[in-house]
Number of protein chains: 2
Amino acid sequence: MLSQEDIQFYISILKGVNVIDIYRLFKTAKTKKIRAGEIYIHEGTASTKMGHIKKGLMRAYQLKPNGDEITILLRWESQFIGSYDTIMWQKPSRFIFQALEDTTLTETDYNLVQEMADRNSSIGAYRSIFQVDMLKEATDRIESFVLLSPKERYLKLIHEKPDIVNRVPDKYLSTYLGITPVSLSRIRKRIASEQ
Amino acid sequence: MLSQEDIQFYISILKGVNVIDIYRLFKTAKTKKIRAGEIYIHEGTASTKMGHIKKGLMRAYQLKPNGDEITILLRWESQFIGSYDTIMWQKPSRFIFQALEDTTLTETDYNLVQEMADRNSSIGAYRSIFQVDMLKEATDRIESFVLLSPKERYLKLIHEKPDIVNRVPDKYLSTYLGITPVSLSRIRKRIASEQ
DNA sequence: AGCATTAATTAGCTTTTGTTAATTTTTTTA
DNA sequence: TAAAAAAATTAACAAAAGCTAATTAATGCT
């Protein structure tokens with residue numbers, strides 16, 4: 001079942017799409033709720049489902065042989081989440097996708113979008129929005145890694161997304177920033193002591 | 001003027017495109033040669049040109065206030081190059097795009113692709129190829145930064161692209177890897193001494 | 001509320017990186 | 001091909017990060 005909001009979201013991307021395609025898209029689109037801690041996509045699975053986050057926060061992480069968890073992706077309201085291993089290059093996910101808060105998604109199947117996009121340019125525009133959204137986040141992060149120090153990276157993150165520190169445990173934030181939890185703790189201390 | 005090769009490349013992505021669009025695309029597509037050292041896109045300009053590299057190697061870099069150059073992107077044969085600041089979010093480029101070798105591009109204008117993609121799903125597929133290509137490289141690099149140490153990052157790069165060390169000066173490679181030239185030199189020494 | 005669990009901080013120590021500058025090697029070019 | 005310029009390496013030192021483990025703080029649960 002789709003809410004008024006969902007319908008508005010779809011209408012915004014469906015200009016020029018024919019009625020049959022709209023029907024197919026709506027029929028498969030679901031509002032999905034995932035509780036905090038729950039796994040959305042397991043490692044090794046090849047799910048092409050794709051969620052547009054309405055509320056909540058999710059992460060993708062990898063489990064290292066020694067048991068360490070490395071958070072590779074954080075996504076929140078108005079962003080897309082999905083196994084890009086599967087969606088982009090048709091491979092099983094190397095990552096585990098998990099909700100860190102109770103999360104509400106508008107879920108579609110990327111294969112359907114893909115198939116329709118190949119026939120319908122308005123759906124193609126939707127696919128493009130998804131890809132640009134992923135690209136924006138990705139290039140931004142690369143720039144953080146290349147141009148900034150770990151400390152600057154952390155400051156940039158809390159500047160751009162101030163609520164993140166209250167929503168994501170430091171142990172996840174730190175690996176997301178490419179450093180260890182111990183190191184992040186020291187960075188925070190250094191920042192605090194600088195006044 | 002397009003070569004036989006260029007034409008084949010376009011045909012591969014033009015299934016189902018109408019004749020008028022094909023004509024428009026071919027009319028604007030150019031084979032462009034850039035000599036080593038030459039600037040392709042200057043900082044602050046908003047060019048939507050997009051090159052598909054046939055031969056050669058290019059980089060995007062940023063000039064820091066103190067004069068340091070930071071290489072943020074390296075692109076080579078069969079990859080796309082273009083100001084993603086402009087193409088993706090309609091802003092002037094924060095980076096300088098430069099050929100590191102004599103480079104041959106097949107150049108199109110992204111605005112034309114974009115406009116045609118919004119009407120034509122086959123062109124949309126072409127846009128998608130470009131976006132996925134960018135995404136693949138971007139996510140791969142993020143994973144390098146999050147999961148690997150500088151040394152591992154360097155080893156991964158020379159494993160996946162062995163000729164890069166002979167084609168790109170270390171001072172560019174190092175900042176591309178998020179470290180200083182001095183540090184890369186030490187890493188190389190450490191690797192060599194481990195037998 | 002109290003106990004158990006988990007997260008964050010701190011400490012001590014080692015390794016690596018950044019920085020600056022000097023030296024050596026390589027490349028360019030006149 | 002010799003001189004000049006640029007790149008790479010090395011050195012010395014300070015700053016920061018990784019690692020392991022202990023301690024403290026926060027959170028979750030019955």
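Naming: A, B, ... by sequence-line order, numbering from 1 per chain.
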Discussion item. Please report the distance, rounded to the nearest Å, between OH in B/Tyr154 and C1' in C/dT17.
Written reply: 17 Å

Discussion item. Quick one: does any side-chain atom of B/Glu107 pair with a main-chain N or O of B/Gly51 as donor and acceptor, under 3.5 Å?
Written reply: no

Worksheet item: To the nearest Å, how far apart are A/Lys189 NZ and C/dT9 P?
Response: 10 Å

Fill in: Test item: side-chain donor near acceptor, A/Glu69 and A/Thr175, under 3.5 Å
no

Item to complete: Let me know the distance between NZ of B/Lys171 and C1' of C/dT25, rounded to the nearest Å.
Response: 15 Å

Item to complete: Using the six-membered ring of B/Tyr172, assess whether NZ or CZ of B/Arg59 lies under 6.0 Å from its centre and within 45 degrees of the ring axis.
Response: yes

Item to complete: Measure from NZ or CZ of A/Arg141 to the centre of the six-membered ring of A/Tyr176, then state whether that distance is under 6.0 Å and the direction lies within 45° of the axis.
Response: yes

Worksheet entry | Per A/Asp170 side chain, nearest of listed nucleotides C/dA8, C/dA11, D/dT9 | C/dA8

Worksheet item: What is the bend of the helix from C/dA1-D/dT30 to C/dA30-D/dT1 when you compare the axis at one end with the axis at the other, using five pairs each and rounding to 10°?
Response: 60°

Worksheet item: Over how many whole Å does the gap from B/Ile191 atom CD1 to D/dT9 atom P extend?
Response: 11 Å

Item to complete: Specify the separation, in whole Å, of atom CG of A/Leu177 and atom C1' of C/dA8.
Response: 16 Å

Fill in: Stepwise salt bridge (charged side-chain N to carboxylate O under 4.0 Å, His left out) test for A/Glu77 and A/Arg167
CA-CA 12 Å; A/Glu77 285 82 7; A/Arg167 299 175 70 182; 3.0 Å; yes

Worksheet entry | Rounded distance in Å - CG (A/Leu173) to C1' (C/dA7) | 13 Å

Discussion item. Rounded to whole Å, how long is the line connecting atom CZ of B/Arg188 with atom C1' of C/dT16?
Written reply: 18 Å

Discussion item. Could you check whether B/Gln62 and B/Arg94, counting side-chain N and O atoms only, form a donor-acceptor pair closer than 3.5 Å?
Written reply: no

Worksheet item: Would you call the rings of B/Tyr126 and B/Phe80 parallel, tilted or perpendicular if under 30° counts as parallel and over 60° as perpendicular?
Response: perpendicular

Would you tabulate the pairs of protein nitrogen or oxygen atoms and nucleotide nitrogen or oxygen atoms of nucleotides 16-21 of chain D closer than 3.5 angstrom?
{"from": "D/dA17", "atom 1": "OP2", "to": "A/Arg190", "atom 2": "NH1", "distance (Å)": "3.2"}
{"from": "D/dA17", "atom 1": "OP2", "to": "A/Arg190", "atom 2": "NH2", "distance (Å)": "2.9"}
{"from": "D/dG18", "atom 1": "OP2", "to": "A/Thr180", "atom 2": "N", "distance (Å)": "3.3"}
{"from": "D/dG18", "atom 1": "OP2", "to": "A/Thr180", "atom 2": "OG1", "distance (Å)": "2.9"}
{"from": "D/dG18", "atom 1": "OP2", "to": "A/Ser183", "atom 2": "OG", "distance (Å)": "3.3"}
{"from": "D/dG18", "atom 1": "N7", "to": "A/Arg186", "atom 2": "NH2", "distance (Å)": "2.7"}
{"from": "D/dG18", "atom 1": "O6", "to": "A/Arg186", "atom 2": "NH1", "distance (Å)": "3.2"}
{"from": "D/dC19", "atom 1": "N4", "to": "A/Arg186", "atom 2": "NH1", "distance (Å)": "3.4"}

Worksheet entry | Basic-acidic side-chain contact under 4.0 Å: B/Glu115, B/Arg119 | yes

Worksheet item: Salt bridge or not for A/Glu38 and A/Lys32, using N-O below 4.0 Å?
Response: no

Worksheet entry | Separation of atom CD in B/Glu152 from atom P in C/dT17, rounded to whole Å | 11 Å

